[in-house]
Structures are given as structure tokens and as C-alpha cells.
2 protein chains.
Amino acid sequence: MRIGEKPEIARLPLFREMAEKQRDLVLAGSYLQVFPPQLTLFEAGQDADFLHVLVDGLVELFVQGAGRDTTMRIVEPISSYILAAAVTDMPYLMSARTLASSRILLVPAAQLREAIREDSALMHAAMHELALGYRDLVRALADMKVRQSAERLGNCLLEYSNRRGNRDQFELIGEKRLLASLLGMTPENLSRAFGTLKNHGVALDGSQVTIENRERLRLFARPDPVPGDSR
Amino acid sequence: MRIGEKPEIARLPLFREMAEKQRDLVLAGSYLQVFPPQLTLFEAGQDADFLHVLVDGLVELFVQGAGRDTTMRIVEPISSYILAAAVTDMPYLMSARTLASSRILLVPAAQLREAIREDSALMHAAMHELALGYRDLVRALADMKVRQSAERLGNCLLEYSNRRGNRDQFELIGEKRLLASLLGMTPENLSRAFGTLKNHGVALDGSQVTIENRERLRLFARPDPVPGDSR
DNA sequence: GCCACTCCTTGATAAACATCAAGTCGAGCG
DNA sequence: CGCTCGACTTGATGTTTATCAAGGAGTGGC
């Protein structure tokens, strides 16, 4: 891999605390590759040969079940994904595809597992990352079970805003149908959900979202009382 | 804690591989307590002071969001729960209540975290446990998003059967409304879902489920192609 | 044995959501 | 500039699910 990428990758929560020697060893065995948009990186059921680190671009994790696809996560740089499959040496549960031209670091899973055994700080970071991911999923599943679509969208927008320092205006990432799939609804219903949120303090112009009245939105969306991890 | 419990607890995946001395230390600092049925053990938002290990009885993990409750997991003995909150030192995301009179081992979370730092095998086990839990949740979330209620029930029954050595007949644990909440539907719709499954190889008598035609059920429920972890 | 209670089931109705079918808008291209 | 194309929106309709209401079946208490 190019030396220029190393500082950013070394700063990732997953790799930050580990011994530098171990990190260099792991990264030396990894490949930094560029993939075109709309390329399937791997499919559910395949052996998890690599941990992925998205350095640049955009990646979608999805599962194809019961006829249709549903997106499970939108990965933005810089972050790793499919850690759970990599550390357990089990097949991928999700498939992945690039949404934009992407630079991805491929860390051989076997080598990662060995480094985890050797380096206690790395193992601790992996454990922590998995625990945070677990909590995200608990939240997402509960959301899916108890809230209806417009509420889910409202919470999602509040969370997006939160991630960007509570800005009141921001751009949606990717196409709207992607967001619809992430939220477990059809693109048609996403449109309608934005329609209902108009009456609750949210304005939409293209992919530009403006939270005009945060209190009103919170009242409608009833966000989780336990705050998120906001990584 | 009573010495009689130790062998079973020591055999748990989470504690199995760690150094015996460390394990004794951790267990010595833990409390084994008996709780009556229908008692709230903790609520979402509280600090995660303890890792719980259900030794005997039945526990429900649930979240109360947007007016109604939804059960996230039914814990059967012997297994630990809320590991993610305990290792990250973050507030509980879920609440817990006993469904039956239960014996529960309360492991102080601070002590657990210290043991994890000291004992690499324990840390590895915790990481593994979290990764498996993560994968379970990925599956559950995808299930919730792409399948409709009768299909979800079908898959759930196939999984229950799977956990009991692919027996064709088994008892449902707990009340049906609990299962309904776990599957994200109302008790009324669970009844109707069992009704539809009658035409797809499933018979129900009280809480006794019989899979009369597994192939037919699989055809209807379209189970996940990637098999579960079947712990 | 009878009553009260809870759980479960069944049916009728309403709400939420998906699907189908146009139609609008804007980007890219000849 | 006009064309095509795809993404998005909007409306009409159908399916799925929740809600409301009532009735049955089993259990425990008296």
C-alpha cells in the first residue's frame, strides 16, 4: 500500500492503540485497491478472506433475502467493515458493493486474526468496535419494530445532523432510494415520509435537508432517550 | 456464590478459556441472586454496573420505545447477557425483566473489564461472543426488513427446531404474546400466522409445535442461505 | 363445582405500507 | 437546443398489519 495512506488508517479506532510494529506488519500484508462504482466486492455466503477498510469512496452493505435487497449500512470513509465475519472466520452475512469509485484496503483476515492474538490492544479495539456495532444494531432493530416510516426518517435525520455537529442543514449521501432501503421502506414512501415531515420542522430541496424546527421534529420522531455512540 | 454453580458457569464460552485464577477472582466478586417472576432487573439508560449470567429461570430483554415495548431477546439458562454494555461501560440500551423465578449471577462490570484487560483469553472470548451477537442481530434486522410476519414465524420455528437437534416437535418457551413481540407483531397476528403455516407443514396444539413437513415449510419461509451460528 | 381471571383466538374495521401507473424534473449528450 | 434517460414524485389501488371487539378455553381460588 502507498505510504501516504498510513497516517489516516493508523488513526482509526481499530488500529490506533496497537503496537506500531504489529500495525506495520498487518498493513504490509494488505492491499490497497481501487474499485469502480457499482462493483460487487463480495457476496453473502463467501468466506471472509479480508477485512475491508474504506479509504475513499462509498460502499453499501446489503443482504438479498426473500426476493428483494435491503441495505444494512452505508459505509463512509474512513472506516472498516465486516469485522465480525473477519474475526470469527465465518462466511460473510452481507454482500458489499461500491456506490462510487472507491479505494479500499484489503486486510487478510487470517493475518488480522493472528495480529489480534498477538496484540492485546488490537484485540481490545476489535472488541470495542464490535460492541459499538452491536449497540447500533440493537437500536436499528428496535427502531424497525416500534416506529413507523416517517418517524424512522425523522430519527435518521436527527442522527445525521448529530453526526455533523448538530448542523441544521446537510446533504443526504447517495441516492434517495438508497436511504429508503436503509430505512426499510420503498422510495415512494420515503417521498411521502418527507412530505409528512414538512409539517414537523423539516424542509427538503433536492438532497439538501434543512431542520427548521428541531424541537418540533424531536417531538414527532421521539428519538431514543439513550443517546447514540456518535463515533 | 455457591460452589455448586461454578462448573456450569465455568463451562460458558465466555469464561471457558480464561485462566482459572482470574475466573475464580471474578466469580468471587460476583453475587448469585434469586429474583421473583415479573421483576424488572434494570432499565435502559441505567449505568451498566453488572454483567448478568442467567443460571436458572427465564429473562426477557426489551426496549420501550414510541409508546410500546418490544422484546429483543429471550434469555434461557445458562447464558450471559448485556455484554456489550458491560465491556463498553455505557448505559444499558435494553431493559430486562424476569419471566420466571430466576437465579442470576451478577458480575460487577468494572471487575469484568479489569479481568478482560488482564486475561487475553477472556478478552478473546468476549470479542467472539460480541461478534456472534452482532451476526445474530444482522440476521434479525434483515429478517424484519424483508420478510412478512408468517415467513418470520416460519423461520423462527425452523431455528428453534434447529437449536434442539432438528426435532420435529417442541414446546414454545414462554407465552405466545412474548413470541409475538419478539417477532415484531401483535398477538392477534401471531395467531393468524400460525393459521397460514397450517397450510405449509406446521401444526400447533397449545404451545406444542409440530413440523409435519419441513420441506414445505422451508419452501414457504425461505430461510437464510447462510446458516446460523447455532450456539 | 363455580366464578373470575388471563390468555388466546376469531372476526370486523382501520391504518400503514407496497405496488402500479403516470407524470415531473434535471443531467448528459448528440 | 432538443432528446433521452434515470431518479424522484404523486396519485390510485391492493396487500399487509394493527386495532377494536367479542367469544372460547384453561387455570386458580373459594
Side-chain angles (χ1 to χ4, degrees), chain A residues 37-38 58 60 65-71 74 99-100 143-157 171-200 202-209 220-222, chain B residues 37-38 58 60 65-71 74 99-101 143-156 171-200 202-209 220-222:
Chain A
Q38 297 302 327
L58 199 62
E60 176 193 7
R68 77 182 120 198
D69 289 9
T70 189
T71 115
I74 298 168
L99 296 175
D143 204 57
M144 197 67 205
K145 284 172 78 176
V146 302
R147 280 192 254 262
Q148 51 199 46
S149 54
E151 275 177 284
R152 286 204 300 278
L153 175 60
N155 277 298
C156 173
L157 296 180
E171 289 267 331
L172 295 174
I173 51 179
E175 299 176 342
K176 288 219 189 75
R177 62 176 180 178
L178 180 71
L179 179 60
S181 178
L182 183 67
L183 291 173
M185 60 181 102
T186 58
E188 291 95 327
N189 270 327
L190 179 64
S191 266
R192 290 186 254 263
F194 270 116
T196 47
L197 287 190
K198 248 183 230 161
N199 307 322
H200 299 278
V202 175
L204 177 69
D205 177 30
S207 65
Q208 188 86 359
V209 175
F220 174 79
R222 287 179 292 185
Chain B
Q38 299 301 328
L58 199 61
E60 175 192 9
R68 78 181 121 200
D69 290 8
T70 188
T71 115
I74 299 167
L99 296 175
S101 177
D143 204 57
M144 199 66 206
K145 284 172 77 177
V146 302
R147 280 193 253 263
Q148 51 199 45
S149 54
E151 275 178 284
R152 285 205 300 278
L153 175 59
N155 277 300
C156 173
E171 289 267 331
L172 296 175
I173 50 177
E175 298 176 346
K176 288 218 188 77
R177 61 177 180 179
L178 180 69
L179 179 60
S181 178
L182 182 68
L183 291 173
M185 61 180 102
T186 57
E188 292 94 324
N189 271 328
L190 180 64
S191 267
R192 291 186 254 264
F194 270 116
T196 10
L197 288 190
K198 250 184 227 162
N199 307 321
H200 299 277
V202 175
L204 176 69
D205 177 29
S207 64
Q208 188 86 0
V209 175
F220 174 79
R222 289 178 292 184

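Computed over heavy atoms, backbone and side chain alike; hydrogens, waters and symmetry mates excluded. Labels below follow one simple rule: chain letters A, B, ... track the order of the sequence lines, proteins then strands, and each chain is numbered from 1. These numbers come from a predicted model, not from an experiment.
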Specify the separation, in whole Å, of atom [atom1] of [X] and atom [atom2] of [N].
X: Leu190(A); N: dT19(C); atom1: CG; atom2: P; value: 15 Å
X: Leu197(B); N: dT9(C); atom1: CG; atom2: P; value: 13 Å
X: Arg177(A); N: dC5(D); atom1: CZ; atom2: C1'; value: 13 Å
X: Leu153(B); N: dC8(C); atom1: CG; atom2: C1'; value: 15 Å
X: Glu175(B); N: dC8(C); atom1: CD; atom2: C1'; value: 10 Å
X: Glu188(A); N: dA16(C); atom1: CD; atom2: P; value: 18 Å
X: Arg68(A); N: dC17(C); atom1: CZ; atom2: C1'; value: 10 Å
X: Met185(B); N: dT19(D); atom1: CE; atom2: P; value: 14 Å

**Asked** Going by modelled atom types, is there a donor-acceptor pair between the base of dC17(C) and the side chain of Gln148(A) at under 3.5 Å?
**Response** no
**Prompt:** Base, sugar-phosphate alone, or nothing: which one does Arg147(A) contact when heavy atoms must sit under 4.0 Å apart?
**Reply:** nothing
**Message:** Within the 4.0 Å heavy-atom criterion, would you say Gly174(B) contacts the bases, only the backbone, or no part of the nucleic acid?
**Reply:** nothing
Side chains of [X] and [Y]: closer than 4.5 Å at any heavy-atom pair?
X: Val209(B); Y: Glu171(B); result: no
X: Leu172(B); Y: Leu178(B); result: no
X: Lys176(B); Y: Leu204(B); result: yes

Do the side-chain N or O atoms of [X] get closer than 4.0 angstrom to the phosphate oxygens (OP1, OP2) of [N]?
X: Arg192(B); N: dT19(D); value: no
X: Ser191(B); N: dC8(C); value: no
X: Ser149(B); N: dT17(D); value: yes
X: Asn189(B); N: dA18(D); value: yes

**Prompt:** Can Leu183(B) and Asn189(B) be said to form a side-chain contact (heavy atoms from CB on, under 4.5 Å), step by step?
**Reply:** CA-CA 10 Å; Leu183(B) 291 173; Asn189(B) 271 328; over 6 Å; no
**Request:** Can you establish whether the number of heavy atoms outside Asp205(A) located under 6.0 Å from its atom CG is more than 12?
**Result:** no
